[in-house]
Undergrad: 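Please read through the structure below; I'll follow up with questions.
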Amino acid sequence: MLGAMFRAGTPISPNLNSQGGGHYYFIDRDGKAFRHILNFLRLGRLDLPLGYGETALLRAEADFYQIRPLLDALQELEASQVTPASTAALLHADVDASPRMVHFSARQGPHHYELSSAQVDTFRANLFCTDPECLGAMKARFGVANEERAEGGPHFRLEWAPRPAELPEVEYRRLGLQPLWTRGPGEQREVVGTPGFLEEVLRVALEHGFRLDSVFPDPEDLLNSRSLRFVRH
């Protein structure tokens, strides 16, 4: 359009300069943006000042003048300035063990029962992760296929108690206890205690690009700790 305005036979008549003869054309558009349009036409490239923040206005002006190469250059510039989605994330896992003695009647003969006891270690774990993909992988690893053991949002909790050999299966079920199984690639095994649980957390975290940030209480004893914190930048 800009070129058509000045071709021979154009229907647009120039204005008369009242201060000394001659004629000029008046274009009722943004003058500051027109500077960059002229520079583009002169240089053949888009050369904007550092931190230029009026690309939307310049694009509107380029569209008005129908300068397709400038519109393409602006589109490339805006695409290059799009900030990629942040991959920063936080993962925190803590686990606590609570031993307790349970008492039960053990059958020793047809009419003979004895009172027995066994120590049961109950583990409670809390996981918090701001990466939904990693959180989903963590749930799948520990067999949380539904929400009965999980909370909404970035949290979920687990509670389990491995059955001691001396505790009969029927008593184990009567107490409402349940084990925790991990579903790794091509294998399924029971998570017996804190080291096994934290080992699986560590594997999933590393698979999703996290790095270990802190260990509590003893940084030198990773798998026997109570709390692990991972970050991803």
Side-chain angles (χ1 to χ4, degrees), residues 82-104 117-233:
V82 173
T83 302
S86 175
T87 59
L90 173 68
L91 168 62
H92 184 267
D94 64 77
V95 59
D96 181 63
S98 301
R100 63 166 173 154
M101 296 299 297
V102 296
H103 304 281
F104 56 94
S117 61
Q119 178 176 303
V120 175
D121 294 322
T122 300
F123 298 89
R124 297 177 180 86
N126 296 287
L127 291 110
F128 170 85
C129 185
T130 59
D131 176 14
E133 183 179 344
C134 179
L135 188 67
M138 200 75 71
K139 291 179 179 180
R141 180 64 61 93
F142 292 113
V144 185
N146 52 45
E147 294 300 315
E148 65 181 47
R149 299 172 92 178
E151 300 180 8
H155 298 268
F156 84 95
R157 297 179 180 179
L158 294 169
E159 182 174 328
W160 73 98
R163 183 177 70 86
E166 61 270 23
L167 181 65
E169 180 71 29
V170 63
E171 291 295 328
Y172 181 74
R173 291 197 302 267
R174 185 183 65 80
L175 291 170
L177 304 175
Q178 60 181 334
L180 179 65
W181 294 87
T182 176
R183 291 167 170 81
E187 64 173 351
Q188 178 175 328
R189 62 187 179 88
E190 184 179 3
V191 178
V192 177
T194 298
F197 172 75
L198 293 180
E199 181 181 355
E200 295 301 324
V201 170
L202 182 62
R203 286 179 178 177
V204 176
L206 295 178
E207 288 169 3
H208 287 80
F210 286 86
R211 66 171 180 82
L212 187 62
D213 183 61
S214 65
V215 178
F216 179 83
D218 185 2
E220 301 299 325
D221 195 4
L222 176 63
L223 296 182
N224 285 312
S225 62
R226 297 202 307 268
S227 178
L228 299 180
R229 183 176 184 270
F230 301 84
V231 295
R232 188 180 66 201
H233 299 294

Undergrad: Under the ring-ring contact (aromatic ring centres under 6.0 Å, His included) definition, can you give me all pairs with a residue in residues 187-215, not counting sequence neighbours?
TA: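 Every pair satisfying ring-ring contact (aromatic ring centres under 6.0 Å, His included) with a residue in residues 187-215: F142-F197, W160-F197.
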Undergrad: Could you tell me which residues satisfy side-chain hydrogen bond (donor to acceptor under 3.5 Å, both in side chains) with E199, sequence neighbours excluded, listed by chain and number?
TA: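 Here the qualifying residues are R203.
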Undergrad: Of the non-hydrogen atoms in R183 and G143, which two are nearest, and what is the gap between them?
TA: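 Taking R183 first and G143 second, the nearest heavy atoms are NH1-CA, 3.1 Å.
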Undergrad: Quick check: do R157 and N126 have side-chain heavy atoms less than 4.5 Å from each other?
TA: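 R157 reaches N126 side chain to side chain.
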Undergrad: Is there a side-chain contact between Q188 and T182, using heavy atoms and a 4.5 Å cut-off?
TA: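 No, their side chains stay 4.5 Å or more apart.
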Undergrad: Check whether any side-chain heavy atom of C129 lies under 4.5 Å from a side-chain heavy atom of L90, and answer yes or no.
TA: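 SC-SC contact between C129 and L90 ruled out.
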Undergrad: Identify the two heavy atoms, one from P162 and one from V192, that lie closest to each other, and give their separation to 0.1 Å.
TA: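 Heavy-atom minimum between the residues: CG-O, 2.9 Å.
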Undergrad: Specify the closest pair of heavy atoms between P219 and V215, including all atoms of both residues, with the distance to one decimal.
TA: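 Minimum heavy-atom contact is CA-CB, 3.8 Å.
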Undergrad: Using the test side-chain hydrogen bond (donor to acceptor under 3.5 Å, both in side chains), find all partners of D221 that sit at least two apart in sequence or belong to another chain.
TA: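 Only N224 meet the side-chain hydrogen bond (donor to acceptor under 3.5 Å, both in side chains) criterion with D221.
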Undergrad: So, taking the atom named OG in S117 and the one named CE in M101, what distance separates them when rounded to the nearest 0.5 Å?
TA: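 Here the interatomic distance stands at 3.5 Å.
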Undergrad: For the CG atom of L127 and the NE2 atom of H155, what is their distance to the nearest 0.5 Å?
TA: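 Reported value, rounded in 0.5 Å steps: 10.5 Å.
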Undergrad: Extract all donor-acceptor atom pairs below 3.5 Å that involve side chains of residues 165-173 and protein atoms in other chains or at least two apart in sequence.
TA:
from : atom 1 : to   : atom 2 : distance (Å)
E169 : OE1    : R163 : NE     : 3.1
E169 : OE2    : R173 : NH1    : 3.4
E171 : OE1    : R174 : NE     : 2.9
E171 : OE1    : R174 : NH2    : 2.8
Y172 : OH     : A161 : O      : 2.5

Undergrad: Using the ring-ring contact (aromatic ring centres under 6.0 Å, His included) rule, collect all pairs that involve residues 212-233, keeping only residues at least two apart or in two chains.
TA: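 Sorted result for residues 212-233: empty, none.
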Undergrad: Rounded at 0.5 Å granularity, tell me how far CG in L202 sits from CG in L223.
TA: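 The CG atom of L202 sits 7.0 Å away from the CG atom of L223.
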Undergrad: Mind listing the closest non-hydrogen atom pair of Q119 and P99 along with its distance?
TA: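 The answer is NE2-CB, 3.8 Å.
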Undergrad: For a quick test of reading the model, state the closest non-hydrogen atom pair linking R189 to W181 and the distance between them.
TA: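 In this case the closest contact between R189 and W181 is C-CE3, 3.3 Å.
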Undergrad: Out of curiosity, L228 CG to D94 CG, how far, rounded to the nearest 0.5 Å?
TA: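 That separation rounds to 9.5 Å.
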Undergrad: Residues two or more places apart in sequence or in another chain: which of them pass side-chain hydrogen bond (donor to acceptor under 3.5 Å, both in side chains) with S227?
TA: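 Only H92 meet the side-chain hydrogen bond (donor to acceptor under 3.5 Å, both in side chains) criterion with S227.
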Undergrad: Measuring only between side-chain heavy atoms, which start at C-beta, is R229 closer than 4.5 Å to L91?
TA: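 They are not in side-chain contact.
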Undergrad: How about L158 and F156: do any of their side-chain heavy atoms sit closer than 4.5 Å?
TA: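 Side chain of L158 against side chain of F156, heavy atoms only: contact under 4.5 Å found.
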Undergrad: Any donor and acceptor pair, going by atom type alone, linking the side chain of R232 with main-chain N or O of T87 inside 3.5 Å?
TA: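 Such a contact is found between R232 side chain and T87 backbone.
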Undergrad: Determine the minimum heavy-atom distance between L198 and L222, stating which atoms define it.
TA: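 Nearest heavy atoms, L198 then L222: CD1-O, 3.9 Å.
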Undergrad: If you apply the rule side-chain contact (heavy atoms from CB on, under 4.5 Å), what do you find for S225 with D218, and how did you get there?
TA: CA-CA 6 Å; S225 62; D218 185 2; over 6 Å; no
Undergrad: Between E190 and L180, does the side-chain contact (heavy atoms from CB on, under 4.5 Å) criterion hold? Intermediate values first, please.
TA: CA-CA 6 Å; E190 184 179 3; L180 179 65; over 6 Å; no
